[in-house]
There are 4 protein chains.
Amino acid sequence: MPAYEDIRIGDSASFTKTVSESDVYTFAGVTGDLNPAHIDEEYAKGTLFKGRIAHGVLGAGFISAVLGTKLPGPGTIYLSQELKFKAPVRFGETVTATCKVIEKVDAKRRLTLETKVVKHDGTTVIEGMAVVMLPEKGQ
Amino acid sequence: MPAYEDIRIGDSASFTKTVSESDVYTFAGVTGDLNPAHIDEEYAKGTLFKGRIAHGVLGAGFISAVLGTKLPGPGTIYLSQELKFKAPVRFGETVTATCKVIEKVDAKRRLTLETKVVKHDGTTVIEGMAVVMLPEKGQ
Amino acid sequence: MPAYEDIRIGDSASFTKTVSESDVYTFAGVTGDLNPAHIDEEYAKGTLFKGRIAHGVLGAGFISAVLGTKLPGPGTIYLSQELKFKAPVRFGETVTATCKVIEKVDAKRRLTLETKVVKHDGTTVIEGMAVVMLPEKGQ
Amino acid sequence: MPAYEDIRIGDSASFTKTVSESDVYTFAGVTGDLNPAHIDEEYAKGTLFKGRIAHGVLGAGFISAVLGTKLPGPGTIYLSQELKFKAPVRFGETVTATCKVIEKVDAKRRLTLETKVVKHDGTTVIEGMAVVMLPEKGQ
């Protein structure tokens, strides 16, 4: 991971995935979230969204992927996350999670990042903020 | 799902799972969060946590399981979630996600729920709040 | 789980899932049932069913889901299951497993349940019976 | 697959697997059977079985593996299965599913097979019978 000192306000990183039916089904199985909105097409046809959708928290997983593997990367201590779910993701849609540093608190080695998930067509899926801490070097 | 009108402040529901290595590995694969803290034991031995830990957002998945399958259950529209990560979960630890209604905003059919994930030994893993909306009957 | 005493003849519960390709492939991997009818589209095109189908026993898994999580629910001791496979399930079809109490044997705390899996279009997939036992309270 | 005509009463085939925690967790996710007996160690400690156990129907999956891949093998039409669950399987135990032809009904090209799942220590896990049909050659 980059040293805390080398991270600049405005730095950003992203992760993109086309959300598959198998992603949603596997996520349902691991988390226990068997809400029929995710796994029952007949039920889902009758909802506001007219078909099965991904779990909102799957998008949070993509944010976690950016924080944990890219910016700041391995070593990050994840302190908090706010998520506003703005639009659902249908199977086959491609989304990009982007994290951008907007604040540094040097005394605590903390970063605040703007965290967004956006569809390929520009629709915002998730808006929010993450706070992470970086360990001292060698820790 | 219970009708909005039938939900009372103080109602709560829970989901419990022993977090397995396979949960964490599967979650890593689906979300792309391949942070070595989760999947590299040799790396993880050298961290603050002295071994591999589950993704914080997996706990958020258990919260989503409660909201989407139990309280309020199917039909819930998930508007927002705040998560404070207080302690890591090691493989083999059993955690319980609990959601408790703390506010109702009738005009918008919105509920605020306190959302916690706690280990079997009482350690708090996640604290936070969720806001959800319930559709009108028949929607 | 409901107490044995509170379960009535005629009580029923269901679980519905749209059966995905990933369900069938994952089920194949875990059980070892790599029959080409399930995982080889070119082979399957030449069969009576004209394409890949789900494992019959996957439907039995949905019956187990109802028994183990809903009726009677956690604590159930599963004694036996009869399954008649009446029709195959294709990928993307939605099925509902329903279990209905048809007999109680009080001396042994046993229930017999009619167990069915039916497609959304009304086609019967599985017919059969389950026998379960409920432990004494506190056991 | 062997031709119907070449199968003899007494023929048998087997499939063996050490049942892992990940098998059980994946099976739970695909089937929706999140019974805490399978995924909550703290709950399971308080049951008759003193810890998490595999789903009984997972054993039925191993029987299906034998029928669908070995005897009779690909092309088999699975008509019915009876299962008596005699003992639970704990994580890490090795089980063998064996299917043995005990009857042939030539006019209908049907076979009855004795289907057993037995642990490495000799404990019977499942007893039962399967009935399968074989298509005419070229079908």
Side-chain angles (χ1 to χ4, degrees), chain C residues 15-17 19-20 22-38 40 43 46-49 55-70 73-86 88 97 126-132 135 138-139, chain D residues 15-17 19-20 22-38 40 43 46-49 55-70 73-86 88 97 126-132 135 138-139:
Chain C
F15 175 65
T16 298
K17 194 173 193 188
V19 174
S20 71
S22 79
D23 282 333
V24 175
Y25 273 56
T26 306
F27 193 87
V30 168
T31 61
D33 188 349
L34 303 171
N35 185 331
H38 308 306
D40 177 349
Y43 168 90
T47 65
L48 194 59
F49 304 127
H55 303 76
V57 179
L58 177 58
F62 300 149
I63 292 170
S64 177
V66 177
L67 298 173
T69 68
K70 297 190 174 182
T76 303
I77 297 168
Y78 205 171
L79 297 178
S80 67
Q81 179 72 53
E82 289 177 33
L83 302 162
K84 291 182 187 171
F85 301 109
K86 312 299 283 187
I126 297 178
E127 284 177 354
M129 299 283 190
V131 180
V132 301
Q139 286 198 307
Chain D
F15 174 66
T16 297
K17 194 174 193 188
V19 175
S20 70
S22 81
D23 283 332
V24 175
Y25 272 54
T26 305
F27 193 87
V30 168
T31 62
D33 189 349
L34 302 171
N35 185 331
H38 309 305
D40 177 351
Y43 167 91
T47 66
L48 195 58
F49 304 126
H55 302 76
V57 179
L58 177 58
F62 300 149
I63 292 169
S64 179
V66 176
L67 298 173
T69 68
K70 298 190 174 181
T76 303
I77 297 169
Y78 205 172
L79 296 179
S80 67
Q81 179 71 53
E82 288 176 34
L83 301 162
K84 290 181 187 170
F85 302 108
K86 310 301 282 187
I126 298 178
E127 285 177 353
M129 299 282 190
V131 180
V132 302
Q139 286 198 307

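No experiment lies behind these values; they were computed from the predicted model shown. Order of the sequence lines sets the chain letters (A, B, ...), proteins ahead of strands, with each chain counted from 1.
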How many angstroms lie between atom CD1 of C:Ile126 and atom CD of D:Gln81, to the nearest 0.5 angstrom? 11.0 Å
First locate atom CZ of C:Phe15, then atom OG1 of D:Thr31, and finally report the distance between them rounded to the nearest 0.5 Å. 7.5 Å
Kindly compute the distance separating CG (C:Asn35) from NZ (D:Lys70), expressed to the nearest 0.5 Å. 13.0 Å
D:Val57 vs C:Ile63, side chain to side chain contact (heavy atoms under 4.5 Å, CB included): CA-CA, chis, key distance, verdict: CA-CA 9 Å; D:Val57 179; C:Ile63 292 170; over 6 Å; no
Spatial distance of atom CG (C:Leu83) from atom OH (D:Tyr78) [nearest 0.5 Å]: 7.5 Å
Applying salt bridge (Lys or Arg N to Asp or Glu O under 4.0 Å), name anything that partners D:Asp40, two or more places apart in sequence or on another chain. none
So what's closer than 4.5 Å to chain D heavy atoms on C:Phe62: side chain, backbone, both or neither? both
Below 4.5 Å from any heavy atom of chain D, which atoms of C:Ile77 appear? Answer side chain, backbone, both or neither. side chain
Does any backbone or side-chain atom of C:Ala60 lie under 4.5 Å from a heavy atom of chain D? Answer side chain, backbone, both or neither. both
Who pairs with D:Lys84 by salt bridge (Lys or Arg N to Asp or Glu O under 4.0 Å), at least two apart in sequence or on another chain? none
Could you pull out the closest heavy-atom pair between D:Asp33 and C:Ser64, with the gap in Å? OD2-OG, 2.6 Å
